[in-house]
Amino acid sequence: MRRLLALSVLAASAAVAQPAAPPLPLPPNDSGLPLEPEQAAFDATYYDLAVAVHPETRTIDGTLTMEARVVQPTAAVLLDLDAPLAVASVEEVGILEDGSEVALPRQFERTGNRLRVLLARTVQPGQGLRLRIAYGGAPRVAPRPPWDGGFTWAEAADGQPWVAVSCQVQGADLWWPVKDHPSDRADSVRVALTVPSDLRAISNGVWEGRTDHGDGTATERWFVSQPINNYGVSFGIGPYETVEAEYASPVGYTATVPFFVLPERAADARRQFPSLLEDLDFLERTFGPYPWRADGYAVLHTPYLGMEHQSLIAYGADFEDNEFGFDFLHFHELAHEWWANLASASDWRDFWIHESFANYAEALRAEDVARRRGGAEAADRAYLAYLARTRGGYNNVIPLAPRPTRTTQQVYQLPDGGGNLDIYYKGGWVIHTLRYLVGDDERFLGAMRSILYPTPEAESVVDGRQARFVSTADVVSAFSRAADRDLSGVFEVYVRQPEIPRLQVDRQPDAVTLRWLVPPAAGDAVFDVPVEVAVDGRPQRVEMPAGRGRLAVPAGATVEVDPSGRILFDPAPSPG
């Protein structure tokens with residue numbers, strides 16, 4: 001629950017700066033840039049967001065109350081708010097000893113997407129800060145949601161408004177004032193949405209009630225009790241029906257799962273529900289308990305494809321299973337509850353952890369479905385077939401985990417503006433290769449699970465302490481323990497530079513020699529990934545110490561390198 005913060009000093013009122021009209025063209029989005037001192041000076045602990053959404057004018061009016069803990073002395077704080085939204089006022093709020101509230105205006109400045117609030121004193125480390133910001137306007141319309149985000153203003157089949165927001169890449173400042181950096185997650189968030197009274201307003205977490213104001217509007221209130229990524233806070237507005245199903249978890253709890261869906265797709269939602277719950281069952285068996293049990297799990301029908309909004313999966317797909325027997329879109333977004341929301345990158349340069357592991361989990365899901373239907377051999381075929389669809393579809397332009405701090409766009413998008421699918425497919429193939437390298441599924445899956453839940457005791461936690469920040473270094477450490485050797489060189493080649501390693505194969509009369517050719521950007525990294533070689537159809541594992549290996553073969557034998565496709569590499573010309 002949120003804390004009431006007492007300000008030790010409340011200075012006299014100051015004149016409030018008047019916001020200037022936003023410049024045209026709009027400034028580029030700047031989510032996740034290196035923190036400036038006035039951003040790093042505080043840790044946002046609680047956001048209370050009240051927003052009136054007006055579909056008829058495509059505008060919003062909002063009030064954001066932020067509670068923060070100051071960690072460095074500062075006389076100003078810097079927040080983010082997208083330039084099209086104007087700030088009407090900023091107040092600093094305190095709670096006096098008698099419990100009454102006092103709010104004093106504070107000066108502020110707008111520069112592009114930044115909101116700088118001038119405090120009346122230097123706030124010291126350990127002290128609390130509470131700001132109330134009134135703002136509004138016509139928010140940015142999403143050009144290509146959810147990849148290029150903003151508001152989506154659509155209509156249901158009967159013409160009623162259907163509104164949603166997506167802001168993963170651009171940041172939550174597209175619709176509310178926030179410290180827009182992945183390293184800052186509020187401990188809890190409350191959202192109150194005021195909308196036309198014939199519509200529902202759905203947001204994350206636990207429903208706290210609905211108030212009909214008698215003027216054609218109503219307010220619905222939601223509360224997230226656990227730490228949440230800023231971009232994970234979302235909503236959907238429309239003439240939603242609620243379709244529900246009961247879920248019995250393999251880890252011992254039961255829950256009612258709602259699917260908020262437009263009436264025209266309610267029957268489809270009921271039909272698809274068993275598949276969705278099977279997704280959740282698989283993910284809990286594989287990666288540990290669903291992290292947000294205290295806040296629930298819900299599915300929200302959206303006018304865009306999907307997104308991993310914490311405790312509220314955005315779903316805009318076809319209500320159908322794919323050829324591998326599961327609903328790809330729902331599964332991918334639900335996997336992000338573990339790989340993005342539970343274990344989160346604190347810097348966008350580690351964003352690959354979110355997408356690559358969720359992408360790879362899809363192959364594990366295909367394997368699991370096939371195993372239940374046809375046994376172990378069918379499972380392996382499905383697993384390999386799922387991965388084979390994306391082999392070779394890499395850009396190899398940006399490292400999966402670049403060392404210098406980069407903006408979201410530089411990691412998620414290519415320099416020419418195109419989408420960087422490497423963080424999905426190439427990263428998934430890196431993890432697939434690690435499975436062969438580790439060589440033991442129990443140790444391999446245990447490494448993945450340890451990134452999420454480092455101890456068995458952590459899996460029982462439901463008060464927010466289970467949320468973790470992770471980095472590429474954590475991934476290297478987990479898989480090095482599983483492989484019982486240092487894999488830093490393997491990761492140096494696969495994720496710290498963009499090119500794929502090449503494998504040189506030399507067939508001799510009585511042997512096959514193999515040599516890894518490491519891209520120059522990887523320096524002297526030791527790349528010793530073993531290679532599977534089939535001799536007359538019989539696969540053998542060839543270890544590659546120092547990047548070299550040799551396998552004796554009978555004269556005239558048929559030799560195939562990596563026959564099943566278990567390793568990420570490009571072929572190199574044979575020597576000579």
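The first residue in the sequence is number 1, and the count goes up from there.
Side-chain contact annotation: Q504 with D506, donor-acceptor N/O pair under 3.5 Å absent. Defined by atom type and a distance below 3.5 Å, a donor-acceptor pair is missing between the side-chain atoms of R507 and S574. In this model, a donor atom of one side chain and an acceptor atom of the other lie less than 3.5 Å apart for Y315 and D327. Counting only N and O atoms by type, the side chains of Q226 and Q310 include no donor and acceptor under 3.5 Å apart. No side-chain donor-acceptor contact under 3.5 Å links D180 and Q39. With no hydrogens or angles considered, no side-chain donor-acceptor pair links E355 and N359 at under 3.5 Å. Between the side chains of D350 and T472, a donor-acceptor pair is found at a separation under 3.5 Å.
With Y383 as the aromatic partner, R435 meets the cation-pi criteria of under 6.0 angstrom to the ring centre and within 45 degrees of the ring axis. A cation-pi geometry, defined here as NZ or CZ lying under 6.0 Å from the six-membered ring centre and within 45° of its normal, does not hold between R372 and F282.
In this structure, the separation between OG on S249 and CD on E284 is 3.5 Å, given to the nearest 0.5 Å. The distance from atom CD of E362 to atom CG of L329, rounded to the nearest 0.5 Å, is 9.5 Å. With rounding to the nearest 0.5 Å, the separation of CG in D80 from OG in S31 is 7.5 Å. The CG atom of D173 sits 8.5 Å away from atom CZ of R140, with the distance rounded to the nearest 0.5 Å. With rounding to the nearest 0.5 Å, the separation of CG in D43 from CZ in R185 is 11.5 Å. The OG1 atom of T302 lies 9.0 Å from the CD atom of E333; values are rounded to the nearest 0.5 Å.
Between F273 and E278 the shortest side-chain heavy-atom distance does not fall below 4.5 Å. Inter-residue side-chain proximity for F260 and V299 is flagged as unmet; no heavy-atom pair is nearer than 4.5 Å. In this structure, L514 and M544 have side chains that are in contact, with non-hydrogen atoms separated by less than 4.5 Å. You'll find the side chain of P539 stays beyond 4.5 Å of the side chain of V533, heavy atoms only. Using a 4.5 Å heavy-atom cutoff, the side chains of F569 and T433 are not in contact. V505 is listed as a side-chain neighbour of L503, based on a closest heavy-atom distance under 4.5 Å. By the 4.5 Å heavy-atom criterion applied to side chains, S564 and L384 are counted as neighbours. Between R541 and Y436, the closest side-chain pair of non-hydrogen atoms falls below 4.5 Å.
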Run the side-chain contact (heavy atoms from CB on, under 4.5 Å) test on E532 and V542 for me, step by step, so that the C-alpha distance in whole Å, both residues' side-chain angles and the decisive distance to 0.1 Å come before the verdict.
CA-CA 6 Å; E532 185 177 61; V542 180; over 6 Å; no
Given salt bridge (Lys or Arg N to Asp or Glu O under 4.0 Å), test D570 with R391 step by step and report yes or no.
CA-CA 10 Å; D570 281 336; R391 182 159 192 167; over 6 Å; no
Given N341 and I228, is the side-chain contact (heavy atoms from CB on, under 4.5 Å) satisfied, shown in steps?
CA-CA 7 Å; N341 298 342; I228 183 170; over 6 Å; no
How far apart are the C-alpha atoms of T256 and Y297, what are their side-chain angles, what is the distance that settles it, and do they pass the side-chain contact (heavy atoms from CB on, under 4.5 Å) test?
CA-CA 8 Å; T256 299; Y297 154 57; over 6 Å; no
What's the verdict on salt bridge (Lys or Arg N to Asp or Glu O under 4.0 Å) for R285 and D281, showing C-alpha distance, side-chain angles and the deciding distance?
CA-CA 6 Å; R285 286 188 285 112; D281 178 88; 2.7 Å; yes
Using the side-chain contact (heavy atoms from CB on, under 4.5 Å) rule, take H330 and S275 through it: C-alpha gap first, then chi angles, then the decisive distance, then the call.
CA-CA 9 Å; H330 173 266; S275 179; over 6 Å; no
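For R389 and E323, the salt-bridge test passes: some basic side-chain N is under 4.0 Å from an acidic carboxylate O. A salt bridge is defined here as a Lys NZ or Arg NE, NH1 or NH2 lying under 4.0 Å from an Asp or Glu carboxylate O, and R365 with E367 fails to meet this definition. The residues R485 and D528 are annotated as salt-bridged, a charged nitrogen and a carboxylate oxygen being separated by less than 4.0 angstrom. Between D184 and K179, at least one side-chain N (NZ, or NE/NH1/NH2) sits under 4.0 Å from a carboxylate O, which counts as a salt bridge.
A centroid separation of 6.0 Å or more is found between the aromatic rings of F444 and H432. Y360 and W429 have their aromatic ring centers separated by at least 6.0 angstrom.
For the side chain to side chain contact (heavy atoms under 4.5 Å, CB included) test, residues two or more places apart in sequence or in another chain that qualify with P182 are W348. Every residue meeting the side chain to side chain contact (heavy atoms under 4.5 Å, CB included) condition with P498, not counting sequence neighbours, appears here in chain and number order: P399. In this structure, A388 has no side chain to side chain contact (heavy atoms under 4.5 Å, CB included) partners at least two apart in sequence or on a different chain. Partners of D318 under the salt bridge (Lys or Arg N to Asp or Glu O under 4.0 Å) rule, at least two apart in sequence or in another chain, do not exist in this structure. For R465, the side chain to side chain donor-acceptor pair (under 3.5 Å) partners two or more places apart in sequence, or in a different chain, are D463.
Note: H332 and F328 have tilted aromatic rings, judged against thresholds of 30 and 60 degrees for the angle between ring planes. Note: Y386 and F324 have perpendicular aromatic rings, judged against thresholds of 30 and 60 degrees for the angle between ring planes. Using a 30° and 60° split on the angle between ring planes, F357 and W352 fall in the tilted class, from 30° to 60°.
For E246, the CD atom is densely surrounded, since the number of other residues' heavy atoms within 6.0 Å is greater than 12. Residue-environment remark: CZ (R502) stays at or below the threshold of 12 foreign heavy atoms within 6.0 Å. Crowding of D524 atom CG: a count of heavy atoms from other residues, nucleotides or ligands under 6.0 Å not exceeding 12. For E377, the CD atom counts as loosely surrounded, since its 6.0 Å shell holds 12 or fewer non-hydrogen atoms of other residues, nucleotides or ligands.
Within the structure, salt bridge (charged side-chain N to carboxylate O under 4.0 Å, His left out) contacts touching residues 289-307 (residues at least two apart or in different chains) do not occur.
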